[in-house]
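In what follows, a structure is listed as structure tokens, so that the remarks can point back to it.
Letters A, B, ... are given to chains in the order of the sequence lines, protein chains preceding strands, and every chain is numbered from 1.
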Amino acid sequence: MDREAERLWRWAPVLALAALILAGLACGAGAKATQAPGTPPDTTALITPTALLATQAVAQATPQAAIPEERLLVLEWPAKMRLGDAEIIRLSLEMNAQGQLTPTVLAGGNGIEVEPVQIPNLYATHHVVAEARLDLAGVEYTPSGDVSEALSPGRPVTFIWSVRPEEIGVYRGTVWLHLRFAPLDGGPESRSVLSAQLIEIEVVNFLGLGGTAARIFGSVGVVVGSVLGLDNVLSWLWKLVSQRKRRHVGTEME
Amino acid sequence: MTKTQVRRIIGILILLVSLAILLWGLWPVASEIRMLPVSPTEMQLPQPGGFLPGFLGVI
């Protein structure tokens with residue numbers, strides 16, 4: 001008896017493995033047998049226990065409410081400015097190329113089932129407002145303080161500041177973008193920082209002149225310099241034009 | 001050097017300097033553009049206790 005028992009214990013792993021293989025083959029055959037030819041594959045029949053576990057796990061971990069959009073935050077600012085000139089800083093929260101998202105999850109290890117995940121839409125429950133602010137010390141800019149604009153589905157929001165530096169130097173600042181969520185049912189509002197970006201603007205002059213002064217002095221100087229230095233060129237041009245006019249009149253008279 | 005030559009030299013100098021100043025005043029300024037993709041997970045409601053450190057186990 002002891003020898004027979006030992007033999008059985010030796011073969012036990014092999015038998016167990018064979019049983020598992022048979023069970024697997026039987027499951028596969030059953031699944032194939034239920035699928036009629038020409039009909040679309042029934043995905044529910046292909047869900048394995050692991051897939052079920054995965055879907056249950058996804059269902060249990062309820063996703064947090066979010067804005068179901070891929071967006072692109074674009075910040076544009078002048079890296080270098082002329083003294084006294086006005087430039088703009090533009091911040092926009094645009095729609096990304098992908099646009100509206102349909103979040104999906106792969107259930108199961110075989111990658112069999114793809115199903116959309118229902119992320120609660122924040123637009124349905126909240127007023128979403130984008131709030132932007134520019135902090136730039138030493139430079140005059142408008143508008144100052146928070147600027148807000150409602151965030152609507154599929155629509156970009158843009159904030160523009162006008163900046164006019166009065167002294168040369170390097171100015172560093174921050175462009176803030178917040179999202180404010182006001183529940184439609186009148187609950188307390190919440191606010192979160194979406195982005196805080198550092199910017200650097202270098203303000204320069206040329207021979208002590210700012211942008212406007214340079215344009216005025218440059219224009220006047222070009223005229224004065226042309227009259228003083230190119231007088232013979234101007235007189236030659238004048239003679240050339242008047243000669244052509246005379247020839248033109250002469251041919252018409254003939 | 002005659003008076004006319006001196007006048008012309010001064011005129012050409014004024015013209016060159018003025019042209020340089022005018023060009024600098026009209027040259028378009030260099031702007032920088034920074035683009036950042038924003039995913040839906042970044043546009044969520046702020047979680048309560050989000051300011052508490054993770055090791056407290058509140059989150």
How far does [atom1] of [X] sit from [atom2] of [Y], to the nearest 0.5 angstrom?
{"X": "B/L26", "Y": "A/S219", "atom1": "CG", "atom2": "OG", "value": "7.0 Å"}
{"X": "A/L209", "Y": "B/W24", "atom1": "CG", "atom2": "CH2", "value": "7.5 Å"}
{"X": "B/W27", "Y": "A/K80", "atom1": "CH2", "atom2": "NZ", "value": "13.0 Å"}
{"X": "A/E87", "Y": "B/S31", "atom1": "CD", "atom2": "OG", "value": "8.5 Å"}
{"X": "B/L22", "Y": "A/F217", "atom1": "CG", "atom2": "CZ", "value": "13.0 Å"}
{"X": "A/L93", "Y": "B/M43", "atom1": "CG", "atom2": "CE", "value": "6.5 Å"}

Compare all side-chain heavy atoms of [X] with those of [Y] and state whether any distance is below 4.5 angstrom.
{"X": "A/V74", "Y": "B/I33", "result": "yes"}
{"X": "B/P40", "Y": "A/E69", "result": "no"}
{"X": "A/I199", "Y": "B/E32", "result": "no"}
{"X": "A/E70", "Y": "B/V38", "result": "no"}

Legend entry - B/R34 side chain to A/W77 backbone, donor-acceptor under 3.5 Å: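 Flag not set: sc B/R34 to bb A/W77 has no pair under 3.5 Å.
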Segment of [X] engaging chain B (4.5 angstrom heavy-atom cut-off):
{"X": "A/L179", "value": "side chain"}
{"X": "A/V175", "value": "neither"}
{"X": "A/L75", "value": "both"}
{"X": "A/V128", "value": "neither"}
{"X": "A/R90", "value": "neither"}
{"X": "A/L230", "value": "side chain"}

Inset, instruction - Applying side-chain contact (heavy atoms from CB on, under 4.5 Å), run through B/E42 and A/L194 and close with a yes or a no. - result: CA-CA 7 Å; B/E42 292 170 88; A/L194 185 61; 4.1 Å; yes
Legend entry - Where B/R7 and A/L228 come nearest, the two heavy atoms and their spacing: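 So the two residues come closest at NH1-O, 3.3 Å.
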Inset, instruction - Write down the atom of A/G221, the atom of B/S18, and the distance for their closest heavy-atom approach. - result: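 Heavy atoms only, the tightest pair is CA-OG, 2.9 Å.
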Inset, instruction - Test side-chain contact (heavy atoms from CB on, under 4.5 Å) on A/V222 and B/L19 and set out the steps. - result: CA-CA 6 Å; A/V222 165; B/L19 272 175; 3.9 Å; yes
Legend entry - Heavy atoms from other residues, nucleotides or ligands near CZ of A/R191 exceed 12 (cutoff 6.0 Å):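 Yes - once you tally the heavy atoms of other residues, nucleotides and ligands closer than 6.0 Å, there are more than 12.
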Legend entry - Whether over 12 other heavy atoms sit under 6.0 Å from A/E202 CD: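 Yes - once you tally the heavy atoms of other residues, nucleotides and ligands closer than 6.0 Å, there are more than 12.
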Inset, instruction - Heavy atoms only, distances under 4.5 angstrom: which of B/L15, B/T4, B/I14, B/I12 has the most pairs with chain A? Name it, please. - result: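 Going by pairs under 4.5 Å, I would pick B/L15.
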